[in-house]
Amino acid sequence: MRWTAVMLAADLPPGAAAGTTVDGTDLAVWRSASGAVHAWTDRCPHRGMRLSHGFVRGETLACIYHGWRYGTDGACRHIPAHPSLTPPKTIAATDHACREAGGLIWVGGTGEPPVIEHPHPVRSLEVAAPPEAVARAFGAAEGVRVLDLDGRAATLALQPVASAATRIHALCARPDDRLALSRALDARRARAEGDAA
Amino acid sequence: MTPVLHDWVLDAGCYRVRLLASLLGADLDLRSVDVHPGDALRSEAFLLLNPAGTLPVMEVDGSVLTDGPACLTWLAATHDAGWLGDPSPGGRAALQHWLGVSHELAATLGAARPMDMLGASGDPRPLRLAGRGHLRRLDAALARGRWDGRAFLLGDRPTIADVACFPDVALAGDCGMSLDPYPSIRLWMRAVRGLPGFVPMPGIHPLHEASPFPEDARGSGADAARGTAA
């Protein structure tokens with residue numbers, strides 16, 4: 001299984017949760033207070049609320065709806081409406097493989113995530129265009145692509161979101177290049193979306 | 001004299017006035033307006049107050065303010081001008097830029113929301129598309145600020161620019177716009193929600209991460225090991 005980058009690691013501080021989507025599968029990605037990252041199916045086993053709307057305290061993610069709390073292994077730890085109940089082991093969030101490496105958060109793979117040479121996060125952006133149009137504008141529609149954008153080296157990690165949506169996570173070699181690269185990415189996005197329209 | 005805010009709890013424009021007042025510790029005399037289902041914005045009494053038939057309306061010192069950023073400017077200028085940002089030419093220009101963007105957000109995402117939530121007439125799709133452009137530019141601007149360690153629109157402290165833009169962005173989900181593609185917006189909203197004096201509105205919850213679990217707050221020994229994040 002190949003790893004998919006879902007966000008820049010700098011965009012998920014300790015104690016934060018965020019939603020993302022890989023090939024149509026919605027995920028809640030969160031980082032506990034101790035810094036470990038986790039990716040779960042974005043659905044509370046109780047009432048189906050998105051866990052990415054929940055909140056992190058310490059080493060638990062709590063659902064925003066009824067406050068059910070899940071530990072880092074996905075198991076339900078506490079149900080506020082039944083405070084003395086030890087939740088059965090069958091109540092658990094669905095855990096996905098998740099790693100932090102090379103300034104990115106990766107999900108769904110086996111083995112080691114790809115090595116990323118460029119250390120400085122630029123930003124993430126979504127391109128609302130089918131994969132062919134993304135590939136024409138950015139050189140690829142998935143995986144990791146190192147390229148030269150107007151003379152500036154950048155690494156793009158591409159995340160297939162849906163049939164007409166790809167997220168691009170960009171890193172670069174030199175901090176001074178970030179603004180120009182950010183604008184170059186916007187220009188290529190406009191090209192890909194114009195191309196698709 | 002305490003300003004009178006003609007208010008509707010679900011109106012993002014009223015919320016930004018309530019939010020700034022709370023952040024400033026300023027008093028407001030709230031007068032609830034039955035916008036839905038009462039249709040009070042088209043009543044004669046309301047039109048005599050504001051012929052445009054829009055909220056927010058704030059009555060201060062004998063004048064009637066009918067523009068959200070105007071209300072924010074008045075509150076900041078009378079309580080803490082630091083919320084107006086840096087008074088340099090660049091700072092003033094940046095403030096006007098983002099107050100203008102806040103109007104655009106209200107006219108796109110804000111206008112689509114009642115269509116999606118209340119069945120108001122109109123086609124939300126072009127509004128969402130235009131709103132997406134605003135979200136993209138906002139996210140890029142906030143990312144650029146973060147490279148320099150700035151968490152807010154005008155720098156490292158919050159201003160009325162943040163308060164003006166925050167509600168329609170935070171409520172984007174209510175018009176079918178996911179904020180998942182905008183990580184810098186997510187972190188900015190977290191910073192706003194974490195401000196001392198922050199108050200929520202329906203659809204915008206407080207920063208639960210910042211407070212302990214109830215049993216931990218009570219000092220219960222059995223659960224003290226769970227969730228100790230400050």
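As the structure is a prediction and not an experimental result, all values here were calculated from the model. By convention in this document, chain letters (A, B, ...) are assigned in the order of the sequence lines, proteins followed by strands, and residues within each chain are numbered from 1.
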Rounded distance [0.5 Å steps], [atom1] in [X] versus [atom2] in [Y]:
X	Y	atom1	atom2	answer
B:Ser184	A:Leu8	OG	CG	9.0 Å
A:Asp11	B:Arg186	CG	CZ	6.5 Å
A:Asp42	B:Asp180	CG	CG	7.5 Å
B:Asp139	A:Ser182	CG	OG	9.0 Å
A:Arg123	B:Arg144	CZ	CZ	11.5 Å
B:Glu209	A:Leu61	CD	CG	9.0 Å

Those residues of residues 139-175 of chain A, ordered by number, that approach chain B below 4.5 Å (heavy atom to heavy atom):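 Against chain B, the residues of residues 139-175 of chain A that fall inside the cut-off (heavy atoms, under 4.5 Å) are A:Arg167.
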With only heavy atoms counted, which part of A:Pro80 is less than 4.5 Å from chain B, the side chain, the backbone, both or neither?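 Contact with chain B: none, neither part.
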Select one option (side chain, backbone, both, neither) describing which atoms of A:His120 are under 4.5 Å from chain B's heavy atoms.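 Looking at A:His120, nothing touches chain B.
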Regarding A:Arg69 and the six-membered ring of B:Phe213, is the cationic atom NZ or CZ under 6.0 Å from the ring centre and inside 45° of its axis?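 Verdict for B:Phe213: a cation-pi partner in A:Arg69.
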Decide yes or no for A:Phe55 and B:Leu207: does some side-chain heavy atom of the first lie under 4.5 Å from some side-chain heavy atom of the second?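 The answer is no, as the side chains (C-beta and beyond) never meet within the 4.5 Å cut-off.
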Flag the pair A:Leu125 / B:Pro181 as yes when at least one side-chain heavy-atom distance between them is below 4.5 Å, and no otherwise.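 The answer is no, as the side chains (C-beta and beyond) never meet within the 4.5 Å cut-off.
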May I ask you to name which of [options] has the most heavy-atom pairs under 4.5 Å with chain B?
options	result
A:Leu185, A:Ile64, A:Asp186, A:Thr20	A:Ile64
A:Ala16, A:Ala10, A:Ser124	A:Ala16
A:Arg178, A:Arg183, A:Glu126	A:Arg178

When you look at A:Arg57 and B:Asp216, which way does the salt bridge (Lys or Arg N to Asp or Glu O under 4.0 Å) test go after all the steps? CA-CA 11 Å; A:Arg57 284 179 185 159; B:Asp216 294 342; over 6 Å; no
Contact summary for B:Arg190 and A:Gly15, nearest pair of heavy atoms: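 Looking at all heavy atoms of both residues, the closest pair is NH2-O, 3.0 Å.
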Where does B:Ala140 contact chain A at under 4.5 Å (heavy atoms): side chain, backbone, both or neither?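 Both backbone and side chain.
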I'd like to know if B:Arg132 pairs up with A:Glu193 as an ion pair, taking the criterion as any Lys NZ or Arg NE/NH1/NH2 lying under 4.0 Å from an Asp or Glu carboxylate oxygen.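 Looking at B:Arg132 and A:Glu193, the cut-off is met.
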Check this for me: B:Arg157, atom CZ, are more than 12 non-hydrogen atoms of other residues, nucleotides or ligands nearer than 6.0 Å?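 Buried by this count: over 12 neighbours within 6.0 Å.
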